[in-house]
Visitor: 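Once you've had a glance at the structure underneath, I'll fire off some questions.
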Amino acid sequence: MGEEEGGHVDVGLFETKEARFRGVYKVFASTIFGAICLIWMYRVGNIPTVKSGKWAWISVMVSELCFGLYWIITQSVRWRILQQTPFKHTLSQRYDEENLPAVDIFVCTADPILEPPCMTINTVLSAMAYNYPANKLSVYLSDDGGSELTFYALLKASIFSKHWLPFCRRFNVEPMSPEAFFAAPHSSNNSTEYGQAWLFIKKLYEDMKNEIESAVARGRVPDNVRNQHKGFSEWNPKTTKQDHQPIVKIIIDGRDTNAVDEDRFQLPRVVYMAREKRPNYPHHFKAGAVNALIRVSSEISNAPFILNLDCDMYPNTANTIQEILCFFLDETKGHDIAYVQFPQSYNNITKNDHYANSYLVSSKFELAGICGYGAALFCGTGCFHRRESLSGAYLIDYKAKWDIKPKINDNRTINELNEASKALATCTYEEGTQWGKEKGLVYGIPVEDIATGLVISCRGWKSIYYNPERKAFVGIAPTTLDVACLQHMRWSEGMFQVFFSKYCPFIYGHGKIHFGVQMGYCNYLLWAPMSLPTLCYVFVSPICLLRGIPLFPQVISCV
Ligand SMILES: O=c1ccn([C@@H]2O[C@H](COP(=O)(O)OP(=O)(O)O[C@H]3O[C@H](CO)[C@@H](O)[C@H](O)[C@H]3O)[C@@H](O)[C@H]2O)c(=O)[nH]1
Ligand SMILES: [Mn+2]
């Protein structure tokens, strides 16, 4: 890092470096490539003439051809691996709290049974506890389950946050998710200030958790609570997950000077949204929810930067927002950046990681490798977007115009804001518009995130993959075989579907993104079909071994 001289900015807010030992890797990869060519030559040159071995030989030959070609595709993401280093301190020197941009955080949940409200509010509480000016922070919870239980849990969390946020601030707590924090071993005695505060807050948390869990177990909110908050009037016995009106409730109003915690610090804004759902209208799953959130948040806070989170992935480091702003606000390179994606990490990986949930190769190398060409994969959660890039803007038309001042001149009451926002979350709002096509997350693809990232890259934007030392977001990985298989099937099927859709990187991206990025996407999009040559290899070689049909050269033999 250099120095700032005479007010002239001569250093950026972040630095990009190529990973070490790339030269060695390139030599190594070249030798593998040589070996692959030799295998291909051997197969082609030695096709047996006898009928029995011929088909086995040809099927193994086709499999090896596929493996080799796929290996070449994977090299695109291993050739130039980049590492990013943001300079938080430089950011804090250049921007004081007043000048930092606002950030909207979206949390999506879809079902109070499959995704327990307690887990969801842990994600919300962690997001609220970011070490960032509260008047610049808004947390939106989208509840596709349209459940009063989730609303109830969010109300409870907003009350608990008045104690939790000061506790996090006083003792620099990380992780900021109470569940994860209390699950970690605690080394302190209750004679210290910290020990006492720890005991007090733990009790508060346990009480809240018990109340929420018992409401979930009963399937309904206690009557006395229901009568206390008029928000519950939105729910009636006919309300179901698939059929309900739009609900938007600002639970903590960012503008309200009385919305303070126990230390009299302002609380971040918290908004509950359940977009309208009707049986005869498609809801487009998560993409539909996020698009409704984009519109509702633009009405309420309209922050220039948006963080997308799944309810099962909580923020783990308090200063992440400052880090990503180093990328977006960099004077020379920041303007082109549409989004910054973090890896998906999990805290429940078993010792031997039976279901291969840690994705070590992907998160350490491949995703950083696509970034070598200026693009990153958008993975749905743990990703910060520039709002314009999600609204269909092309880089070429974009003028950096993030609001330096928060939205303070909005004089509408909470009710007026709730009503105005509801109109943006109806089933019919998107009819005849570009939402789901040109605007927002794209519809019709099970892995909407991957397709959306590709579309944004094709509009000229750059994106960054950032893998910090300490995990910035931590989620819950599948722990049983059936759930793991289902998730893999959905991902690989969805990605293969992208390959055959109009978003095929080689066609859609032709002339718009680097050939390396097109190949990099295919590294994932072709996961599913690569199972066929693998299966063939797994079955054909042992059958040939048992039947004494030679497929491989002997250790000592002349080719
Ligand atoms: O109708 C729906 C369905 C899902 N979700 C939410 O979407 C998120 C992801 O859904 P999940 O079923 O957990 O899918 P995963 O396979 O675990 O998610 C990964 O893969 C998805 C598809 O690529 C991405 O959308 C996710 O962000 C990414 O974490 C969750 O928070 C859900 O609550 C909704 O809001 N509405
Ligand atoms: Mn998930």
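Read the numbers this way: they start at 1 and go in the same order the structure lists the ligands and their atoms. This is a predicted model, so every value here is computed, not measured.
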Visitor: Is it the case that Tyr443 and Glu430 place a side-chain donor and acceptor less than 3.5 Å from each other?
Guide: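 Yes.
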
Visitor: Could you list the atoms of ligand 1 found under 4.0 angstrom from a heavy atom of Asp449?
Guide: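 That gives atoms 21 (C), 22 (C), 23 (O), 24 (C), 25 (O) of ligand 1.
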
Visitor: Fit a plane to each ring of Phe232 and His229, take the angle between them on a 0 to 90° scale, and name the class: parallel (under 30°), tilted (30 to 60°) or perpendicular (over 60°).
Guide: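 Phe232 vs His229 ring planes: perpendicular.
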
Visitor: Which protein non-hydrogen atom lies closest to atom 30 (C) of ligand 1, naming both residue and atom, and how far is it?
Guide: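 The answer is Glu115 OE2, 3.5 Å.
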
Visitor: Checking side-chain polar atoms at under 3.5 Å, does Tyr359 have a donor or acceptor matched by the opposite partner on Glu366?
Guide: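 Result is no, nothing qualifies.
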
Visitor: For atom 31 (O) of ligand 1, find the nearest protein heavy atom and state the residue, atom name and distance (0.1 Å precision).
Guide: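 Looking at atom 31 (O) of ligand 1, the protein heavy atom closest to it is Cys108 O, 2.8 Å.
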
Visitor: Is the number of heavy atoms from other residues, nucleotides or ligands under 6.0 Å of Lys364 NZ greater than 12?
Guide: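 At most 12 heavy atoms, drawn from other residues, nucleotides or ligands, come within 6.0 Å of this atom.
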
Visitor: Going by the order shown, which atoms of ligand 1 are within less than 4.0 Å of some heavy atom of Cys311?
Guide: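 Here the atoms of ligand 1 in question are 31 (O).
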
Visitor: Can you confirm whether or not the ring centre of Phe327 sits under 6.0 Å from the ring centre of Phe14?
Guide: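 Yes - the distance between ring centres of Phe327 and Phe14 falls below the 6.0 Å cut-off.
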
Visitor: Between Glu448 and Gly436 (side chain of the first, backbone of the second, donor and acceptor by atom type, cut-off under 3.5 Å), is there such a pair?
Guide: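 Absent.
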
Visitor: Please list, in number order, the atoms of ligand 1 under 4.0 Å from a heavy atom of Glu448.
Guide: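 Listed by number with element, the hits are 24 (C), 25 (O).
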
Visitor: Could you tell me whether Ser142 and ligand 1 have an N or O pair separated by under 3.5 Å?
Guide: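 No, there is no polar N/O contact under 3.5 Å.
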
Visitor: Just go through Thr381, Asp310, Asn308 and tell me whose heavy atom is the nearest to atom 26 (C) of ligand 1.
Guide: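 Result: the heavy atom closest to atom 26 (C) of ligand 1 is in Asp310.
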
Visitor: Does atom NZ of Lys462 have more than 12 heavy-atom neighbours, drawn from other residues, nucleotides or ligands, at distances under 6.0 Å?
Guide: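 Open: at most 12 neighbouring heavy atoms sit under 6.0 Å from NZ of Lys462.
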
Visitor: N/O to N/O below 3.5 Å, does that happen between Lys286 and ligand 1?
Guide: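 Yes - when backbone and side-chain N and O of Lys286 are compared with those of ligand 1, one distance drops under 3.5 Å.
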
Visitor: Where's the contact between Cys379 and ligand 1, heavy-atom distance under 4.0 Å: side chain, backbone, both or neither?
Guide: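 Looking at Cys379 and ligand 1, just backbone atoms fall under 4.0 Å.
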
Visitor: For Tyr132 and Asn319, test the side chains for any donor-to-acceptor distance below 3.5 angstrom and give the result as yes or no.
Guide: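 Their side chains do not contain a donor-acceptor pair, so the 3.5 Å distance test is not met.
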
Visitor: With no hydrogens and no angle check, is any side-chain donor or acceptor of Thr433 less than 3.5 Å from a backbone partner on Tyr429?
Guide: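 Pair absent, no side-chain N/O of Thr433 close to backbone of Tyr429.
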
Visitor: Are Phe285 and His283 close enough that their ring centers fall under 6.0 Å?
Guide: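 When the ring centroids of Phe285 and His283 are compared, they turn out to be within the sub-6.0 Å range.
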
Visitor: Nearest heavy atom to atom 34 (C) of ligand 1 wins, so pick from Leu293, Thr123, Thr452, Asp144.
Guide: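 Ranked by closest heavy atom to atom 34 (C) of ligand 1, first place is Asp144.
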
Visitor: To which protein heavy atom is atom 16 (O) of ligand 1 closest, and what is the distance rounded to 0.1 Å?
Guide: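 Residue, atom and distance for the closest contact: Arg490 NH2, 2.5 Å.
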
Visitor: Atom 10 (O) of ligand 1: protein heavy atom closer than 4.0 Å?
Guide: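 When distances to the protein are checked, atom 10 (O) of ligand 1 has no heavy atom within 4.0 Å.
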
Visitor: Which atoms of ligand 1 sit under 4.0 Å from any heavy atom of Gly380?
Guide: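 Counting from 1, the qualifying ligand atoms are 27 (O).
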
Visitor: Going by the order shown, which atoms of ligand 1 are within less than 4.0 Å of some heavy atom of Pro446?
Guide: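 Per the distance check, 22 (C).
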
Visitor: Tell me, which protein residue and heavy-atom name are nearest atom 19 (C) of ligand 1, and how many Å apart are they?
Guide: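 Residue, atom and distance for the closest contact: Trp491 NE1, 3.6 Å.
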
Visitor: Show the atoms of ligand 1 that are less than 4.0 angstrom away from any heavy atom in Thr109.
Guide: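 Listed by number with element: 33 (O), 35 (O).
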
Visitor: Can you spot which of Val107, Leu141, Ile212, Thr120 makes a side chain to side chain contact (heavy atoms under 4.5 Å, CB included) with Leu154?
Guide: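 The residue from Val107, Leu141, Ile212, Thr120 that satisfies side chain to side chain contact (heavy atoms under 4.5 Å, CB included) with Leu154 turns out to be Leu141.
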
Visitor: Tell me, which protein residue and heavy-atom name are nearest atom 1 (O) of ligand 1, and how many Å apart are they?
Guide: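 Residue, atom and distance for the closest contact: Phe285 CA, 3.2 Å.
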
Visitor: Out of all atoms in ligand 1, which are within 4.0 Å of some heavy atom of Gln487? Include the element for each.
Guide: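 Going through ligand 1 atom by atom, the ones under 4.0 Å from Gln487 are 15 (P), 16 (O), 17 (O).
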
Visitor: N/O of Ala289 under 3.5 Å from N/O of ligand 1, yes or no?
Guide: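 No.
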
Visitor: Any idea how Phe160 and Tyr205 line up, ring-wise: parallel (<30°), tilted (30 to 60°), or perpendicular (>60°)?
Guide: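 If you compare the ring of Phe160 with that of Tyr205, the planes turn out tilted.
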
Visitor: Backbone N or O of Ile445 within a donor-acceptor pair of the Gln497 side chain at under 3.5 Å?
Guide: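 Not at all, since once roles are kept as given, no pair shorter than 3.5 Å links the two residues.
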
Visitor: Quick one: which ligand 1 atoms are inside 4.0 Å of a heavy atom on Val447?
Guide: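 Reading through ligand 1 atom by atom, the close ones are 23 (O).
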
Visitor: For ligand 1, does Gln344 get within less than 4.0 Å through its side chain, its backbone, both, or neither, judged by non-hydrogen atoms?
Guide: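 Just the side chain.
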
